[in-house]
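Below is one structure, written out as structure tokens, with a few remarks after it.
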Amino acid sequence: MDTMRERFASVTTQLLDEDPRLAVVLADIGVDGFRTAQERHPGRVVNVGIREQLLVGVGGGLALAGMRPVVHTFASFLVERPFEQVKLDFGHQDVGGVLVSAGGSYDWPAGGFTHMAPGDVALLDSLDGWTVHVPGHPDEADTLLRRAAAAGDDKVYVRLSVQTNVTPRPVDGARFLTVREGTGGVVLAVGPMLDNVLAATEGLDVTVLYATTVRPFDDAALRAAVAGTTAADVVLVEPYHEGTSTRHANDALEHVPHRVLGLGVGRRELRRYGQLDEHLAGQGLDARSLRERITGFLAR
């Protein structure tokens, strides 16, 4: 199976052939995946070098000129480092584009904290009008990337990850999916956290929702799931900062007495490189830890 980043390169190369409005902006990272596209469309595949503020600025400029820019690098270099450019060159200028990140919260631990971005979605939450897709499988990334590229002039962030679920789901870029039904509470798994959540909740009487589009937040799906439970207890399991979507869940359930637990990446930095699975365990996001945390919350 190819990775999400490999699928991103192949899908976007195809879309460049089909849509003359599309342009790709890179900052050295990911260039090899676009060699063929650059040969076919030298004016629409731009590599600015290791200049991340310029990367986003060029994307905003292309959008002002009527293009649909697809801007790509690691999440820490795409959202965190050039955040002012994201805020001004897309938000303040009121233009759209597609930001496609790699690296996630800690996909490449050996790269150190400079290459980790557990706060990216929370940062975008401080801005207006961003759609955020968090696929959990390359096939889902394919669907969501195509949707993002065709989304008129909307501002879209697509968060790719090395961590994937075994089975793709029929995502549509809008709704949460019901994967399992129960009456004892609701667990919402975001993107690549689904497999660990399913393993953690095996045998538990809970509903499991699956989200690959987290902004806009699917209020209706959460309300419907909670309506089928005996207690309005909700656990959010996200692959970025814990509590990122807690406010949205609370807003969705504002007329219902409820409890919400946000699980995700903590603020405390894990300072050893390790491997991806060790970081998941260190953050309490492996299946065993999730089961303890979920059952402990629901039993209170």
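The residues of the chain are indexed from 1 along the displayed sequence.
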How long is the span from the [atom1] atom in [X] to the [atom2] atom in [Y], to the nearest 0.5 Å?
X: Ser245; Y: Arg215; atom1: OG; atom2: CZ; result: 3.5 Å
X: Thr131; Y: Lys155; atom1: OG1; atom2: NZ; result: 9.0 Å
X: Ser101; Y: Arg5; atom1: OG; atom2: CZ; result: 9.5 Å
X: Leu298; Y: Arg293; atom1: CG; atom2: CZ; result: 13.0 Å
X: His133; Y: Leu99; atom1: NE2; atom2: CG; result: 12.0 Å
X: Asp120; Y: Ser76; atom1: CG; atom2: OG; result: 9.0 Å

For salt bridge (charged side-chain N to carboxylate O under 4.0 Å, His left out), just list the numbers for Arg35 and Glu39, CA-CA rounded to whole Å, side-chain angles, deciding distance to a tenth of an Å, and then say yes or no. CA-CA 6 Å; Arg35 296 293 185 194; Glu39 292 172 1; over 6 Å; no

Could you tell me whether a side-chain N or O of [X] sits under 3.5 Å from a main-chain N or O of [Y], the two making a donor and an acceptor?
X: Arg44; Y: Ala23; result: no
X: Thr207; Y: Gly182; result: yes
X: Glu269; Y: Phe113; result: no
X: Arg175; Y: Ala220; result: no
X: Arg267; Y: His241; result: no
X: His137; Y: Thr167; result: no
X: Thr13; Y: Ala9; result: yes
X: Asp172; Y: Ala174; result: yes
X: His72; Y: Val98; result: no
X: Glu80; Y: Ala75; result: no

Tell me, do [X] and [Y] make a side-chain contact under 4.5 Å, heavy atoms counted?
X: Met116; Y: His279; result: yes
X: Pro138; Y: Thr3; result: no
X: Phe90; Y: Pro69; result: yes
X: His248; Y: Asp125; result: yes
X: Pro239; Y: Gln283; result: no
X: Val171; Y: Pro135; result: no
X: Phe74; Y: Asp107; result: no
X: Leu144; Y: Thr212; result: yes

Salt-bridge criterion met for Asp153 and Arg21 (N-O under 4.0 Å):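 Here Asp153 pairs with Arg21 in a salt bridge, since their nearest N and O are under 4.0 Å apart.
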
SB check Glu140 Arg7 (cutoff 4.0 Å): no

Which atom pair, heavy atoms only, marks the closest approach of [X] to [Y]?
X: Ala225; Y: Leu209; result: CB-CD1, 3.9 Å
X: Val45; Y: Gln38; result: O-NE2, 3.4 Å
X: Thr12; Y: Phe8; result: OG1-O, 2.7 Å
X: Ala249; Y: Leu236; result: CB-CD1, 4.0 Å
X: Ala189; Y: Val197; result: CB-CG2, 3.7 Å
X: Asp89; Y: Gln93; result: O-CB, 3.6 Å

According to a 4.5 Å side-chain heavy-atom criterion applied to Ile, Leu, Val, Met, Phe, Trp and Tyr, with indirect links allowed, do [X] and [Y] form part of one hydrophobic cluster?
X: Tyr106; Y: Leu290; answer: yes
X: Leu285; Y: Val187; answer: yes
X: Leu127; Y: Val100; answer: no
X: Met67; Y: Leu55; answer: yes
X: Leu88; Y: Val86; answer: no

Test side chain to side chain contact (heavy atoms under 4.5 Å, CB included) on Leu78 and Val71 and set out the steps. CA-CA 8 Å; Leu78 184 62; Val71 183; 3.7 Å; yes

Taking atom CD of Glu84 as the centre, does the number of heavy atoms from other residues, nucleotides or ligands within less than 6.0 Å exceed 12?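 Atom CD in Glu84 is not crowded, with 12 or fewer foreign heavy atoms closer than 6.0 Å.
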
Above 12 or not: heavy atoms from other molecules or residues under 6.0 Å from CD of Gln275?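 Open.
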
Is the gap between the ring centers of Phe176 and Phe217 under 6.0 Å? yes

May I ask you to check whether [X] and [Y] show a side-chain donor-acceptor distance below 3.5 Å?
X: Asp286; Y: Asn196; result: no
X: Thr73; Y: Glu52; result: no
X: His258; Y: Asn250; result: yes

Sequence-distant partners of Arg169, salt bridge (charged side-chain N to carboxylate O under 4.0 Å, His left out), two or more places apart: none

For Phe77, which of Ile29, Ile50, Val56 qualifies under side chain to side chain contact (heavy atoms under 4.5 Å, CB included)?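 Per the side chain to side chain contact (heavy atoms under 4.5 Å, CB included) rule, the option paired with Phe77 is Ile29, out of Ile29, Ile50, Val56.
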
Applying the side chain to side chain contact (heavy atoms under 4.5 Å, CB included) criterion to Leu15, which one of Val11, Asp19, Asp17 satisfies it?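 Among Val11, Asp19, Asp17, the one meeting side chain to side chain contact (heavy atoms under 4.5 Å, CB included) with Leu15 is Val11.
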
If a pair satisfies side-chain hydrogen bond (donor to acceptor under 3.5 Å, both in side chains) and one of its residues is in residues 216-237, list it, with sequence neighbours excluded.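 Applying side-chain hydrogen bond (donor to acceptor under 3.5 Å, both in side chains) to every pair that reaches into residues 216-237, excluding sequence neighbours, yields Asp233-Arg259.
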
Take Thr143 and Arg147 through the test side chain to side chain contact (heavy atoms under 4.5 Å, CB included) and record every step on the way to the result. CA-CA 6 Å; Thr143 298; Arg147 182 182 177 92; 5.6 Å; no

Apply the test side chain to side chain contact (heavy atoms under 4.5 Å, CB included) to residues Val134 and Glu238: give CA-CA distance (whole Å), side-chain angles for both, the deciding distance (0.1 Å), then the verdict. CA-CA 10 Å; Val134 187; Glu238 303 177 276; over 6 Å; no

Determine whether Arg81 and Gln53 satisfy the following criterion, side chain to side chain contact (heavy atoms under 4.5 Å, CB included), listing intermediate values before the conclusion. CA-CA 7 Å; Arg81 182 172 293 175; Gln53 289 89 344; 3.8 Å; yes

